[in-house]
Every structure is written in structure tokens, then in C-alpha cells.
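Right, one structure below, let's go through it.
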Amino acid sequence: MPETTVKVSGEEARRIAVRAQALDGSATDVLETVRRLGFLQIDVVAPVERPQHLVLFSRLGPKYDRAELDRLLWEERALFEWDAFIYPIDDLPLVRARIRNFRRSRRTNSHRWVREFLTTNAAFRRYVLRELERNGPMLSRDFEDRSVGEKRDHRWWGPRMVGLMLLSLHLYGEIAIVGRRGGERLWDLSKRWWPETETVSIRDEERIRAERRFRTQGVRLTKGEWEAHPDAEDGPVPDRAVLLSPFDRLVYNRDRADALWDFRYRLEMFVPKAKREYGYYVLPLLVGDQVVGRAEPRFDRKTGALELLGAWGDTSRLDEALADLAAWLGAASINR
């Protein structure tokens with residue numbers, strides 16, 4: 001961790017946080033932005049667009065081309081996907097340390113469950129790896145379900161255990177996601193997709209990850225005072241209005257967002273409708289260096305309309321943010 005930090009005011013902390021997250025208009029291209037942020041989180045839910053794309057749009061604006069992320073992942077291989085996150089390929093040694101730790105650890109239910117599942121289904125595991133060795137990249141539906149043990153209708157994978165086997169082998173670093181077809185993941189052996197690298201110790205990985213988390217956040221709250229990372233830069237933030245993904249790291253730490261902007265935020269996607277305070281998939285509204293409000297847009301891909309289902313807080317600049325979002329999505333209209 002950095003040996004020295006700088007105490008800053010709340011006003012300075014807000015500017016530094018926005019600048020550290022490349023939300024100050026300084027982002028220039030996809031690869032450079034992912035490297036600055038450290039990673040992108042992936043999710044399949046997309047009332048507007050998937051979070052990995054929304055995060056890049058918020059920084060690059062309507063010029064961001066979603067095909068560029070795919071090109072960097074599947075053609076240039078400058079980025080890679082593991083466990084629902086996208087990382088720069090330079091971080092593969094760190095991810096390999098986490099993979100090794102996952103394989104060895106028994107601390108959590110996930111660790112123990114995956115180990116037990118793979119042990120019970122050793123023949124199924126060999127079959128999947130053999131098919132990939134013979135055929136190259138394959139989709140989940142290309143495999144037979146040769147699992148043993150109790151069958152159950154999983155909320156994500158359905159009654160077939162193929163998805164759970166592929167996920168388990170992925171977490172163990174044996175297979176990698178090498179593309180997508182119609183939204184389905186394409187799998188292959190990691191040894192054929194990932195380059196050879198060293199593997200750092202888990203202690204070094206945790207130390208490096210903690211330092212990067214501080215650097216990419218810019219500031220942290222320690223004993224009631226804001227501390228800035230030694231490399232953090234303060235300065236004016238452009239007066240732009242933009243909607244953020246619910247998974248955006250500027251607001252992902254809910255306590256930190258509350259402390260910085262008095263902005264209490266949670267994603268209510270899994271909250272029963274009658275108990276929601278705002279809406280299903282609400283996006284924070286950033287104006288300059290202030291998180292001022294929130295809105296719930298929804299993009300109807302059939303009609304091409306960007307619909308506004310609700311808005312809260314200071315929404316005086318919301319029209320500007322919606323116009324940029326609509327331009328990027330290619331929406332034919334904005335319905336309020």
C-alpha cells in the first residue's frame with residue numbers, strides 16, 4: 001500500500017473520485033479505460049444495456065462502439081473474461097493467483113461445493129475436457145449432461161448440469177470463455193486461449209488488488225477523514241451530465257457514495273415491487289462532480305423508444321443525459 005496519503009476536504013474528495021474513475025472526460029479509448037478502471041463487471045440484465053457497456057459509455061460518450069469491446073476480447077485478446085468480470089490481459093497472473101486459491105480453499109460454501117461437485121462428477125469432467133480437446137470451442141448445448149447425483153432445476157442453468165460443470169471448470173481455470181454466439185458463451189481449454197504467464201502469490205495478489213482499489217477510487221474515508229491516493233489528481237471536472245450503471249464503481253460502495261454525496265443508493269432489482277423505494281433498474285445521475293439524482297430509463301428494442309419510467313432528485317440536467325444515452329443506443333424517440 002502507498003506509504004503516504006494526503007488528507008483532503010469533501011469537495012476535493014468528490015473531484016478526485018470522479019477523476020480517478022475517468023468520468024471527467026479524459027477517457028479516450030476502450031482499452032485504456034479498462035486499464036484505468038482495472039476491470040468491468042458483467043451482467044446479463046439489460047433494461048437499458050448491459051453494465052459493461054454502460055460503464056464504458058458513461059466515460060467515452062455516444063462515440064463508444066460496443067463492437068470494440070468484443071474485438072479486444074475475442075480478436076486482439078488484450079482483455080479476457082473470468083468469473084463475470086473483464087480484465088486486461090496483463091492481470092492474468094493476478095487472476096491465476098485467485099484461481100489457485102479457489103482450488104485450494106475450503107473456507108466458503110462455494111469453495112466446498114465446487115470441489116465436491118467436481119469430485120462426484122469426475123467422469124463428467126473428463127468428458128467435457130475431452131470434447132473440447134477434440135472439437136475446439138463449444139457451446140453449453142453441444143455437451144451431453146452426464147452428471148451424477150441429485151438433479152435439480154437450477155434458477156440459472158435449468159435442469160441440465162452442463163452449465164454448472166462449465167462454470168466450475170472455469171472457476172478452476174481449466175476452461176475459458178473465448179467468444180459468444182447469439183449471447184451464449186463459447187468455451188475452450190484455457191491452455192489454448194490464455195498465454196503462458198507467471199502466477200504471483202495470493203498474498204501479493206491481495207496487496208496489489210488493495211492498492212489498485214484505492215488508486216482507482218482516488219479517495220477513501222479513514223476515521224472520518226478523506227484520504228487521497230498519492231497518485232490522485234485534483235482539478236476541475238467538466239460540467240457534463242451522464243447516467244451511470246448500477247454497477248459503476250463510482251457508486252458501487254454504497255456507504256462511500258452516501259458519505260461523498262449524501263446519496264443513498266441500492267439496486268432494487270431483487271426487491272419485491274411493492275417494497276421498492278424507486279424502481280427496478282435505476283441509474284444514478286452524475287453532473288460534474290456531483291451525484292444529484294436518479295432515473296429509471298428503459299430501452300424498448302422492438303419500438304426503438306427510450307422510455308423514462310421515473311426520475312427523482314435534481315433532474316434539471318436529465319434531458320441532456322437522456323439525449324446522449326438515446327444517441328448511443330440508436331433510439332428513435334425518448335418517451336417521458
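Computation of the quantities below employed the complete heavy-atom set of this structure, encompassing side-chain atoms and omitting hydrogens, waters and symmetry-equivalent molecules.
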- Message: In the structure I gave you, are the side-chain heavy atoms of Met165 and Phe143 within less than 4.5 Å of one another anywhere?
- Response: no
- Looking at CD1 of Ile334 and CG of Leu322, how far apart are the two atoms once the value is rounded to the nearest 0.5 Å? 5.5 Å
- Residues, nucleotides or ligands: over 12 heavy atoms within 6.0 Å of Glu116 CD: no
- After noting the C-alpha distance and the side-chain angles of Leu260 and Trp226, does the key distance pass the side-chain contact (heavy atoms from CB on, under 4.5 Å) rule? CA-CA 9 Å; Leu260 273 173; Trp226 289 105; 3.5 Å; yes
- Under 3.5 Å, is there a donor-acceptor pair between the side chain of Trp82 and the main chain of Ile177? no
- Query: Looking only at atom types and distance, does a side-chain atom of Arg106 sit under 3.5 Å from a main-chain N or O of Arg104, one as donor and one as acceptor?
  - Reply: yes
- From CG (Leu37) to CG (Leu23), nearest 0.5 Å: 8.0 Å
- Message: I'd like to know whether CD of Glu11 has more than 12 heavy-atom contacts from other residues, nucleotides or ligands below 6.0 angstrom.
- Response: no
- Message: Taking the basic N atoms (NZ, or NE/NH1/NH2) and the acidic carboxylate oxygens, is any pair closer than 4.0 Å for Asp239 and Arg317?
- Response: yes
- Flag the pair Arg209 and Glu205 as a salt bridge only when some basic side-chain nitrogen lies within less than 4.0 angstrom of an acidic carboxylate oxygen. yes
- Message: One thing to verify: whether Glu131 and Arg134 come together as a salt bridge, which I'm taking to mean a side-chain N less than 4.0 angstrom from a carboxylate O.
- Response: yes
- Query: Glu174 pairs by salt bridge (charged side-chain N to carboxylate O under 4.0 Å, His left out) with which of Arg192, Arg103, Lys191?
  - Reply: Arg103
- Assess whether side-chain contact (heavy atoms from CB on, under 4.5 Å) is satisfied between Leu286 and Val291, documenting all intermediate values. CA-CA 4 Å; Leu286 175 71; Val291 180; 4.0 Å; yes
- Message: Working to the nearest 0.5 angstrom, can you tell me the gap between Leu139 CG and Asp142 CG?
- Response: 5.0 Å
- Query: Are any of the side-chain heavy atoms of Leu329 and Phe57 separated by less than 4.5 Å?
  - Reply: no
- Query: Rounded to the nearest 0.5 Å, how far apart are CG of Asp65 and CG of Asp29?
  - Reply: 12.5 Å
- Query: Mind checking whether Val114 and Phe102 have side chains closer than 4.5 Å, heavy atoms only?
  - Reply: yes
- Message: Does atom CZ (Arg181) have a neighbourhood of more than 12 heavy atoms from anything else shown, all under 6.0 Å?
- Response: no
- Of all the heavy-atom pairs spanning Gly38 and Asp91, show the shortest one and how long it is. O-OD2, 3.9 Å
- Do the charged groups of Arg276 and Glu296 touch, with an N to O distance under 4.0 Å? no
- Message: Between Arg220 and Thr5, do the side chains contain a donor N or O and an acceptor N or O under 3.5 Å apart?
- Response: no
- Task: Only counting residues at least two apart or in another chain, list the ones meeting ring-ring contact (aromatic ring centres under 6.0 Å, His included) with Tyr127.
- Result: none
- Looking only at heavy atoms, what is the nearest atom pair of Leu283 and Pro297, with distance? CD1-CG, 3.7 Å
- Query: Does NZ or CZ of Arg77 fall inside the cone over Trp193's six-membered ring, less than 6.0 Å from its centre and within 45° of the axis?
  - Reply: yes
- Could you please spell out the steps behind the side-chain contact (heavy atoms from CB on, under 4.5 Å) verdict for Val287 and Asp314? CA-CA 10 Å; Val287 177; Asp314 180 357; over 6 Å; no
- Item | Donor-acceptor pair between Arg112 and Asn109 side chains, under 3.5 angstrom | yes
- At their closest point, which heavy atom of Glu198 faces which heavy atom of Pro93, and how far apart are they? O-CB, 3.3 Å
- Is a side-chain N or O of Arg125 found less than 3.5 angstrom from the main chain of Leu118, in a donor-acceptor match? no
- From Arg126 atom CZ to Asn121 atom CG, the distance as rounded to the nearest 0.5 Å: 10.5 Å
- Contacts of Phe263 that satisfy ring-ring contact (aromatic ring centres under 6.0 Å, His included) - sequence neighbours left out: Tyr265
- Check: Asp145 side chain, Met161 main-chain N or O, donor-acceptor pair, under 3.5 Å: yes
- Query: Donor-acceptor pair, Glu233 side chain versus Arg19 backbone, under 3.5 Å?
  - Reply: no
- Query: Does Leu243 offer a backbone N or O that forms a donor-acceptor pair with the side chain of Ser58 under 3.5 Å?
  - Reply: yes
- Item | Results of ring-ring contact (aromatic ring centres under 6.0 Å, His included) for Tyr87 - residues two or more places apart only | Phe80
- Using a 4.5 Å cut-off on heavy atoms from C-beta on, say whether the side chain of Asp258 contacts that of Arg254. no
- Report yes or no: does Asp300 contribute a side-chain atom to a donor-acceptor pair with the main-chain N or O of Thr303 at less than 3.5 Å? yes
- With no hydrogens and no angle check, is any side-chain donor or acceptor of Arg256 less than 3.5 Å from a backbone partner on Gln217? yes
- Message: Check the orientation of Phe247 and Tyr281. Use parallel for under 30°, tilted for 30 to 60°, and perpendicular for over 60°.
- Response: tilted
- Query: Quick one: are Phe39 and Thr216 in side-chain contact, heavy atoms under 4.5 Å?
  - Reply: no
- Message: Distance check, rounded to the nearest 0.5 Å: Gln290 atom CD versus Arg15 atom CZ?
- Response: 10.0 Å
- Item | Residues clustered with Ile208, ILVMFWY side-chain links under 4.5 angstrom | Leu94, Val200
- Item | Nearest heavy atoms of Tyr280 and Leu267, plus distance in Å | O-CD1, 3.9 Å
- Aromatic contact, Trp328 with His53 (centres under 6.0 Å): no
- Query: Hey, does Glu81 have a side-chain heavy atom less than 4.5 Å from the side chain of Arg180?
  - Reply: yes
- Taking C-beta and beyond as the side chain, do Arg71 and Glu68 meet within less than 4.5 Å on heavy atoms? yes
- Please check if the side chain of Asp324 supplies one atom and the backbone of Ala321 the other of a donor-acceptor pair under 3.5 Å. no
- Query: Which is it for Arg96 and Thr197 under the side chain to side chain donor-acceptor pair (under 3.5 Å) test, yes or no, and what are the steps along the way?
  - Reply: CA-CA 9 Å; Arg96 281 192 158 127; Thr197 68; 2.6 Å; yes
- Query: Are His229 and Glu211 close enough, and set up right, to give a side chain to side chain donor-acceptor pair (under 3.5 Å), and what steps lead you there?
  - Reply: CA-CA 9 Å; His229 189 279; Glu211 193 280 330; 2.6 Å; yes
Under 3.5 Å, side-chain donor or acceptor atoms of residues 42-51 against the rest of the protein: list the pairs with distances, not counting sequence neighbours.
residue: Asp43; atom: OD2; partner: Val45; partner atom: N; Å: 2.9
residue: Glu49; atom: OE2; partner: Arg66; partner atom: NH1; Å: 2.7

- Message: With heavy-atom distances below 4.5 Å as the criterion, would you say the side chains of Leu40 and Leu69 are in contact?
- Response: yes
- Do the side chain of Asp234 and the main chain of Ile16 share a donor and acceptor less than 3.5 angstrom apart? no
- Under a single-linkage definition using a 4.5 Å side-chain heavy-atom cutoff for Ile, Leu, Val, Met, Phe, Trp and Tyr, are Leu285 and Tyr278 assigned to the same hydrophobic cluster? no
- Query: Does the cation-pi check pass for Arg115 over Phe117, that is, NZ or CZ under 6.0 Å from the six-membered ring centre and within 45° of its axis?
  - Reply: no
- Note on the structure: residues 240-250 vs salt bridge (Lys or Arg N to Asp or Glu O under 4.0 Å), sequence neighbours excluded, gives Arg59-Asp248
- When you look at Ser245 and Gln41, which way does the side-chain contact (heavy atoms from CB on, under 4.5 Å) test go after all the steps? CA-CA 10 Å; Ser245 164; Gln41 186 169 350; over 6 Å; no
